[in-house]
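What follows is a short report on a single structure.
Along the sequence shown, residues are numbered consecutively beginning with 1.
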Amino acid sequence: MGEKGIKIITTNKKAHFNYFLSDFIECGISLSGTEIKSLRTNGCSLSDAYVIIRNYEAFVLNMHISPYKQGTIYNLDPVRNRKLLLHKKEIIKLDYKVNQGGYTLVPTKVYLKNGKCKVEIALAKGKKLYDKREDIKNRDIKKDIDMNIKNHNDY
């Protein structure tokens, strides 16, 4: 467990690499009994997941939750659409930004907070190829610096 009863299940590393992220929002998610059990044991995958808004309701698509091993016929489709639990004002605000500003909504993190499953979503704007190259360059520079510091401290 992390700080204040938070256990991170998975993060979306692809989202941080492919998008500029802003306006992070924590929301609940509607799950069945076997899905929450599977989340607690196996985790899930957010690599291709995204959020859409239909009829003032938010849904996460392509979020893969593995079927529960001890489940029976009540296991549901692993990549079914799942409803996100947000206030209507938040949904309207996000919908406006998505429609006007060229943003998209992506889930960035799934975690358990005080026993309840939460999803962190963010407004995302796509990065260009040169932005991604810049991130790779900065990451490599940081890795070299850390390696040099470690090697220097070993002597």
Side-chain angles (χ1 to χ4, degrees), residues 1-127 131-132 134-136 138-140 142-143 145-146 150:
M1 287 285 190
E3 56 184 84
K4 297 183 183 179
I6 293 176
K7 177 187 174 196
I8 295 175
I9 296 171
T10 188
T11 57
N12 191 348
K13 293 176 185 169
K14 265 180 133 177
H16 290 280
F17 181 72
N18 291 330
Y19 301 103
F20 293 113
L21 300 175
S22 63
D23 295 351
F24 293 89
I25 297 175
E26 175 185 89
C27 58
I29 184 167
S30 179
L31 298 171
S32 73
T34 56
E35 286 178 323
I36 190 69
K37 289 178 184 180
S38 180
L39 269 178
R40 290 176 195 271
T41 58
N42 302 336
C44 67
S45 172
L46 293 175
S47 61
D48 295 329
Y50 61 99
V51 177
I52 61 166
I53 297 174
R54 268 194 234 134
N55 299 329
Y56 300 108
E57 293 180 332
F59 296 93
V60 63
L61 281 64
N62 291 340
M63 180 174 139
H64 186 275
I65 299 176
S66 303
Y68 186 54
K69 299 228 186 315
Q70 285 78 30
T72 56
I73 60 170
Y74 298 108
N75 279 341
L76 299 170
D77 181 25
V79 289
R80 72 181 182 92
N81 301 345
R82 294 171 181 90
K83 186 175 180 179
L84 295 176
L85 308 173
L86 289 163
H87 292 284
K88 190 166 275 191
K89 286 182 182 179
E90 291 174 321
I91 292 173
I92 291 170
K93 183 177 99 175
L94 289 173
D95 192 32
Y96 177 78
K97 287 187 179 181
V98 166
N99 290 333
Q100 298 300 319
Y103 288 95
T104 186
L105 289 169
V106 293
T108 56
K109 193 186 315 182
V110 176
Y111 54 95
L112 294 172
K113 184 176 182 181
N114 299 326
K116 295 186 174 44
C117 184
K118 302 289 183 181
V119 178
E120 181 183 75
I121 62 174
L123 279 171
K125 193 158 194 98
K127 285 185 181 178
D131 293 325
K132 293 179 188 179
E134 180 95 12
D135 286 348
I136 292 170
N138 291 337
R139 184 180 62 210
D140 290 343
K142 184 181 182 310
K143 192 185 305 181
I145 291 170
D146 291 344
K150 181 181 177 225

Audit row: Ser45, Thr10, side-chain contact (heavy atoms from CB on, under 4.5 Å) steps and yes/no: CA-CA 7 Å; Ser45 172; Thr10 188; over 6 Å; no

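- Here the closest heavy-atom approach between residue Ile9 and residue Cys44 is recorded as CG2-N, 4.2 Å.
- The shortest distance between side-chain heavy atoms of Thr34 and Pro67 does not fall below 4.5 Å.
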Audit row: Leu31, Ile65, side-chain contact (heavy atoms from CB on, under 4.5 Å) steps and yes/no: CA-CA 10 Å; Leu31 298 171; Ile65 299 176; 3.9 Å; yes

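- A salt bridge links Lys14 with Asp48; the closest basic N to acidic carboxylate O contact falls under 4.0 Å.
- Inspection of the Lys109 and Asn12 side chains reveals no N or O donor paired with an N or O acceptor under 3.5 Å.
- Contact of the Leu39 side chain with the Leu112 side chain is not registered, since no non-hydrogen atoms from C-beta on lie closer than 4.5 Å.
- In terms of heavy atoms, Leu86 sits closest to Glu26 at CD2-O, 4.4 Å.
- In this structure, the side chains of Pro107 and Met63 stay at 4.5 Å or more apart for every pair of heavy atoms.
- Side-chain contact check for Leu105 versus Tyr50: every heavy-atom pair is 4.5 Å or farther apart.
- Within the 4.5 Å cutoff, no side-chain heavy atoms of Ser30 are placed close to those of Arg82.
- Using a 4.5 Å heavy-atom threshold, the side chains of Val106 and Tyr19 count as touching.
- Remark: Ile53 CD1 to Asn55 CG distance equals 11.0 Å, nearest 0.5 Å.
- Shown here for Phe24 and Glu120, the closest heavy-atom pair between the two residues is CD2-OE1, 3.6 Å.
- Within a 6.0 Å sphere centred on NZ of Lys132, other residues, nucleotides and ligands contribute more than 12 heavy atoms.
- Within the 3.5 Å criterion, the main-chain N or O of Ser66 finds a donor-acceptor partner in the side chain of Ser38.
- One N or O on the side chain of Asn99 and one on the backbone of Asp95 form a donor-acceptor pair closer than 3.5 Å.
- No side-chain heavy atom of Val119 sits under 4.5 Å from any side-chain heavy atom of Val60.
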Go through it in stages, so that I can follow the logic: the residues are Ile121 and Leu84, the test is side-chain contact (heavy atoms from CB on, under 4.5 Å), and I'd like the CA-CA distance, side-chain angles, deciding distance and then a yes or no. CA-CA 10 Å; Ile121 62 174; Leu84 295 176; 4.1 Å; yes

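- The closest side-chain heavy-atom distance from Leu94 to Leu123 is below 4.5 Å.
- Between Leu46 and Thr11, the closest heavy-atom pair is CD1-C, 4.4 Å.
- Under the 6.0 Å distance and 45° angle rule, Lys125 does not count as a cation-pi partner of Phe20.
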Please step through side-chain contact (heavy atoms from CB on, under 4.5 Å) for the pair Arg40 and Ile36, ending with a clear verdict. CA-CA 6 Å; Arg40 290 176 195 271; Ile36 190 69; 3.8 Å; yes

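- Summarising the local packing, NZ of Lys118 is surrounded by more than 12 heavy atoms from other residues, nucleotides or ligands at distances under 6.0 Å.
- Considering all non-hydrogen atoms of both residues, Ile8 and Tyr111 come closest at CA-CB, 3.7 Å.
- Annotation for Tyr56 and Lys88: closest pair CB-CE, 4.1 Å, computed over non-hydrogen atoms.
- A salt bridge does not link Asp135 to Arg139: none of the charged side-chain nitrogens sits closer than 4.0 Å to a carboxylate oxygen.
- Looking at Arg80 and Glu35, a side-chain N of the basic residue comes within less than 4.0 Å of a carboxylate O on the acidic one, giving a salt bridge.
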